[in-house]
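Note sheet for the following structure.
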Amino acid sequence: MTVGPPFSAHPDLAGYLDALRDRARIPVYTGAGDRSAALTESAELAELAELAVLTDSAELGAAARLSNEAAPPGPAGGVLVLAPPGSAAAPVAAALAERVGGTFTGWAPGEPATLADALADARTDAPASGAEGGVDHVVLAALADELSLDLVLGTLDATAALRRAGHGDAALGVVLGRDLGELSRLIAKGLGCGLRTPPDHPQLCVAPWGDGQRADTPGVHWVTGADARAEVVAPLLTGRRHGLVSFAVAGREHGLVLSDTVVCGAVGDRAAAGQAPAPAGAPSCAFTGQCFRPGVDAAGVVPAREVRADVVLANSCMSWRPGHGLVAADYQLTNAFAHGTAAAFIGAVHRMVPDVRLNRLAHRAAAAGADVGRLGILLNRQAAGREVPHYLVLGLPWVVPVPGAGPVRLEDLAALVDRTAPAGDGGTRARLRQAGRAIRALRELPLAGLLPADGLPELDARVTTAVAVLKGDPSVVATDADGDPVERLLERVAEAEYGVALDLYDFGQVSESSLNEVWEDFLETTAVPGTVRCRYCGGPTATVTGRHPAHPRLVREVRACHSCGPVLDLPAGSPIHDITVDCPPVWPRPGTVTVEVTVTAADPSAEEPAEGLAEGPAGGFPAAVLVQVARGAVHGLAGPEPQRLRLVPGSPLRVRAEVEVAEHAFAHPEHAVRAVVVAGGQVHSASRPVAVRPAQG
């Protein structure tokens, strides 16, 4: 088979380097020793031609599908190519720099000069070979045994310093191979990536957690939950080509764990267990012939090198360990993907927990036209003002996974980084914090002697879902029929608060005890003379404060009148500022008496607003309001069940309740009329005395 330009094979290094300098050619070096000896010239070029034209025909027809005159597209922007001092890859790195009009320098972290200094020196020594503008792409070229994690992390930090100093986007990509032949093949895939026909489908994300899907980026196919199993995933990965395939899964250096299978770097050219000695650092399958996952056999494993994608992102623990690792290099995912169709691979260099937000970010950026180097920067920008070197790009950094929209500048992608709640959420974070504070308060009710709220485990589960949605996790997003999960959570909180009010209604039907008589058994109390006169009788008051000895944050304060009793009882940090009870002081029997309760929410503009109230949603918060007479069922004084209402700071809420005074109602001058408000997960109370007298005959 004859494969024509722009592909060419070169058994001698000098011929390869000359061809690499020529922008119209994509060369491969085939004389690199034992590892490349098995790759015949025609087989090597045929595979590269297939990657470029992606035909399933046995006759690739590369010469007919590609213009012999058209040069492969080059990078946009300045290029800096590095090699460690004394590296065998230095001649290749220098030729690559000359090809793209960039600058080459031998440099490694730890040298006295910064990378910016080395760049300036290199341009001074060879001004004709380098662009005088900024550096948009940085390529680190090395052989695999020359690379170390220290070298990679130091280069990542140095390129970030270039960006901070204003030297362009400086997006890093690493090209390597076990020998120069493998190195040349990875470079060739990167140089030829722009010649590939459009992929069968733009993007694919595999994230096994959850059952929902998020389709916020057109062209991204999400496979989540029970669908992330071999019969669904394997045809997608190996039967159709994608521009970007990303994984958000558990895993290690040699395997990505799906629901019932593994995408594995250990499946490929290596001998089966028992047929050859297993090398040091080989995974368990090299010794046992069995996958490390119980129930997964060799036929059910998806070989990483057979994944058909232009770019692969493995958002998985230790998916790339340059220079060393727990698993020998021959079995690592990095090398397996490099031997497949992928022109670039992005993996994590350390232990980590996959965060699906990063997959979502990568797909959004790829859809906007980002190249892999800029994807690497975005993935590592996990904190404002700094970069955490979690992810590393294997391949030329100007490879574009989804061509058409790009390439784009890094500054144009900055808005895609998920730092806050989804756009247009109307205060999602504030509403979620509101729910969290209420749930915490509901959980603390028994500490003050009150009955526990019902449904707390369900509330906790709903918090988990709402937080996952806020973080952009596509695997747990509720369907449109379910509505906004944060709103559903707040509704369930309101239900739990109403349940607390019902419990207090039942308690008040049969008990004379006021709220403070309950909590004073559990809190340590102090009393001081009050500074406010009683609003009902004008008499002096005292202030009683209760603090929990084991939970000092749990504080209550009651204003007690020496004649009228506890007129106002509020917890610390309450969203309620005041409660008043207005009604006739004397009730005839039989009859109906109207009681009006005014509830005033705390002022968020106060110097010390209630906890979280200043950042709460403008729409207010729900409340359950109860009006009753102490021991009403026994005394023949029937009040209504709690009412569901909504409190808005700055707008006092007035509640009217009808109390039925029966013919047999207990005639007494000291019945206590109480208003109980359950809001923010807390219980508030106010009361005043009334007299019940028989009707005059």
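Hydrogens, waters and symmetry mates play no part in the numbers below; they use all other heavy atoms, side chains included. Numbers for residues simply follow the sequence, beginning at 1.
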If only side-chain N and O atoms count, and only distance matters, is there a donor-acceptor pair under 3.5 Å linking [Y] with [X]?
X	Y	result
D227	W222	no
T543	E557	no
D569	N516	no
T592	E658	no

Sub-3.5 Å donor-acceptor pair from the side chain of [X] to the main-chain atoms of [Y], do we have one?
X	Y	result
R533	G538	yes
Q682	A679	no
H684	V677	yes
T525	G546	no
N359	F247	yes
T464	D460	yes
R374	V408	yes
Y391	V349	no

Practice item. Begin with the C-alpha distance, continue with both residues' side-chain angles, and end with the deciding distance and a verdict on salt bridge (charged side-chain N to carboxylate O under 4.0 Å, His left out) for E487 and R431. Key: CA-CA 8 Å; E487 279 302 313; R431 293 182 295 137; 2.6 Å; yes

Review point. How are the rings of H635 and H671 set relative to one another: parallel (under 30°), tilted (30 to 60°) or perpendicular (over 60°)?
Key: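 H635 and H671: perpendicular rings.
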
Practice item. Determine the interplanar angle of the H390 and H350 rings, folded into 0 to 90°, and report it as parallel if under 30°, tilted if 30 to 60°, perpendicular if over 60°. Key: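 Geometry flag for H350 against H390: tilted rings.
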
**Study point:** Steps toward salt bridge (charged side-chain N to carboxylate O under 4.0 Å, His left out) verdict (E663, R589)
**Key:** CA-CA 6 Å; E663 176 68 36; R589 69 172 193 185; 5.2 Å; no

Practice item. With R535 as reference, evaluate T580, T541, D578 under the side chain to side chain donor-acceptor pair (under 3.5 Å) test and give the passing residue. Key: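 When T580, T541, D578 are each tested with R535, the side chain to side chain donor-acceptor pair (under 3.5 Å) holds only for D578.
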
Check your understanding: More than 12 heavy atoms of other residues, nucleotides or ligands under 6.0 Å from NE2 of H577: is that the case?
Key ->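 Check fails, neighbour count at 12 or below.
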
